[in-house]
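Residue numbers start at 1 and run along the sequence shown. Order of appearance sets the numbers: ligands from 1, and atoms from 1 within every ligand.
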Amino acid sequence: MNKLESQKIAIIGADGQLGSDLVPALKNRDVVPLFWPAFDIVKTDEAAAALQRIRPDIVINTAAFHRVDECEDRADMAFAVNAFAVRDLARTCRALGAVLVHFSTDFVFDGEKGAPYLEEDRPGPLSVYAASKLSGEHFVRTHTDRAFVVRTCGLFGRAGCLEKGRNFVETMLFLQASGRKEIRVVGDQVVTPTPTAELAARVAALIGTEAYGLYHMTAEGSCSWFEFARAIFELSGGDPSIVVSVDAAAYGAKARRPAYSVLENGRMRKAGLAPFSPWRESLAAYLKEKEAEKSPKPQ
Ligand SMILES: NC(=O)c1ccc[n+]([C@@H]2O[C@H](COP(=O)([O-])OP(=O)(O)OC[C@H]3O[C@@H](n4cnc5c(N)ncnc54)[C@H](OP(=O)(O)O)[C@@H]3O)[C@@H](O)[C@H]2O)c1
């Protein structure tokens, strides 16, 4: 058994969208999946005691309070989960000698740059959610040296996003199936839809290194949410003409979001990890896999 295979890896939020793809991506490792509410990062002492019993070499934290609009009214909750619990987790990891892997968001940027953001670019959070996630990043960096902080964007995975009910792809497919005549989608926010399966594979590779620090990890390319929705309809045989572009101001979401939050995977590339696929290719593969599962299996 090599060193990596013998390492014990605790995954917090193992049934979440990303967590569900991390478990199979780490299938040859000694994985301990942890589920809310039995394992709650906000219950700091209990979480620390549980990790002391497990004695992991690596802790992967996918937990977050990330209903972005709701965070505006529930700042205490947003900071409790996304910042203070992460600080305490980082302290626990340092005390145990464990590496921490933590996830953050493209929303830490204000969107004014108009070109892909590098890890070195200065953040400018526009919302409570973004500020709480940025605080979480700082707490990780100030409490432990042995950590990977991975900023990502627009996740879609087979488990769906538990926190939000569904991911964007599933929401669009649901609206399409419900026979809606028109679907309004924001056209002036540019992002990169990113498949959790590809992200999980790169995280699995990254934790085999000791190149700790901050990483941007998203699929290749970019699009507006409107373009993403159109692509979902095109690739799933729906009618893309029912998707209508609206600007964010007219859409009227409570939290402000960056107009442009595309991330440049600079450090990931330098670390020698395989590049992501273009987002549209991954979306096509995701939809194809879903379709194949629906077809009857040969006897
Ligand atoms: N989704 C996106 O588009 C997106 C974009 C950029 C960054 N990110 C970041 O990527 C990470 C993973 O996102 P995701 O889409 O996989 O989220 P997700 O589907 O909501 O999964 C999060 C998991 O953490 C669990 N959890 C929630 N609160 C917890 C707590 N207090 N203690 C322990 N576990 C808790 C959830 O359990 P329950 O569901 O049972 O509560 C769930 O299993 C998050 O850090 C998020 O901020 C996500």
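No salt bridge links R158 with D21; every basic N to acidic carboxylate O contact stays at or beyond 4.0 Å. Here D73 pairs with K254 in a salt bridge; the nearest charged N to carboxylate O distance falls below 4.0 Å. Between K113 and E264, no side-chain nitrogen of the basic residue sits less than 4.0 Å from a carboxylate oxygen of the acidic one, so the salt-bridge criterion is not met. Residues K133 and E137 are not paired through a salt bridge, judged by the lack of any N-O separation under 4.0 Å between the basic side chain and the carboxylate. Ion pairing of R230 with D239 is absent here, as no side-chain N (NZ or NE/NH1/NH2) approaches a carboxylate O to less than 4.0 Å.
Applying the 4.0 Å criterion to heavy atoms of S104 picks out, from ligand 1, the atoms 7 (C). Near F103, meaning under 4.0 Å from any of its heavy atoms, are these atoms of ligand 1: 10 (O), 11 (C), 45 (O). Residue L18 has at least one heavy-atom neighbour below 4.0 Å for each of these atoms of ligand 1: 16 (O). Residue-ligand proximity, G154 to ligand 1, at heavy-atom distances under 4.0 Å covers atoms 3 (O), 5 (C). Every atom of ligand 1 with a heavy atom of T62 under 4.0 Å away is listed here by number and element: 11 (C), 12 (C), 22 (C), 23 (C), 44 (C), 45 (O). Under a 4.0 Å criterion applied to the non-hydrogen atoms of A64, ligand 1 contributes the atoms 44 (C), 45 (O), 46 (C), 47 (O). Near G13, meaning under 4.0 Å from one of its heavy atoms, ligand 1 places the atoms 23 (C), 24 (O), 25 (C), 43 (O).
Defined by atom type and a distance below 3.5 Å, a donor-acceptor pair is present between the side-chain atoms of S277 and E198. Using modelled atom types, one finds no donor on one side chain facing an acceptor on the other under 3.5 Å when comparing D30 with Q7.
In terms of polar-atom proximity, defined here as any N/O pair under 3.5 Å, G19 makes no such contact with ligand 1. Polar contact check, G16 against ligand 1: a nitrogen or oxygen pair lies under 3.5 Å apart. Polar contact check, K133 against ligand 1: a nitrogen or oxygen pair lies under 3.5 Å apart. For V81, no nitrogen or oxygen atom sits less than 3.5 Å from a nitrogen or oxygen atom of ligand 1, counting backbone and side chain alike.
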Would F65 and R74 satisfy side chain to side chain contact (heavy atoms under 4.5 Å, CB included), going step by step from the backbone distance to the final call?
CA-CA 10 Å; F65 180 53; R74 299 181 68 195; 3.8 Å; yes
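Here the side chain of D188 pairs a donor or acceptor atom with the backbone of A248 at under 3.5 angstrom. Of the possible polar contacts, none joining the R151 side chain to the Y215 backbone as a donor-acceptor pair under 3.5 Å is found.
Contact annotation for H66 and ligand 1: only side-chain heavy atoms (C-beta onward) come within less than 4.0 Å of the ligand. Residue contacts with ligand 1, taken as heavy atom pairs separated by less than 4.0 Å, involve Y129 solely via side-chain atoms from C-beta onward. Heavy atoms of A85 found under 4.0 angstrom from ligand 1: none, in either backbone or side chain.
Not a single heavy atom of R151 sits closer than 4.0 Å to an atom of ligand 1.
Here the shortest heavy-atom distance to atom 35 (C) of ligand 1, taken over A200, A63, A14, belongs to A63. For atom 41 (O) of ligand 1, the nearest non-hydrogen atom from the set F156, F39, F168, W36 comes from W36. Across H102, Q17, K43, heavy-atom proximity to atom 19 (O) of ligand 1 is greatest for Q17.
Cation-pi contact between K288 and Y286: absent, since separation from the ring centre below 6.0 Å together with deviation from the ring axis within 45° is not met.
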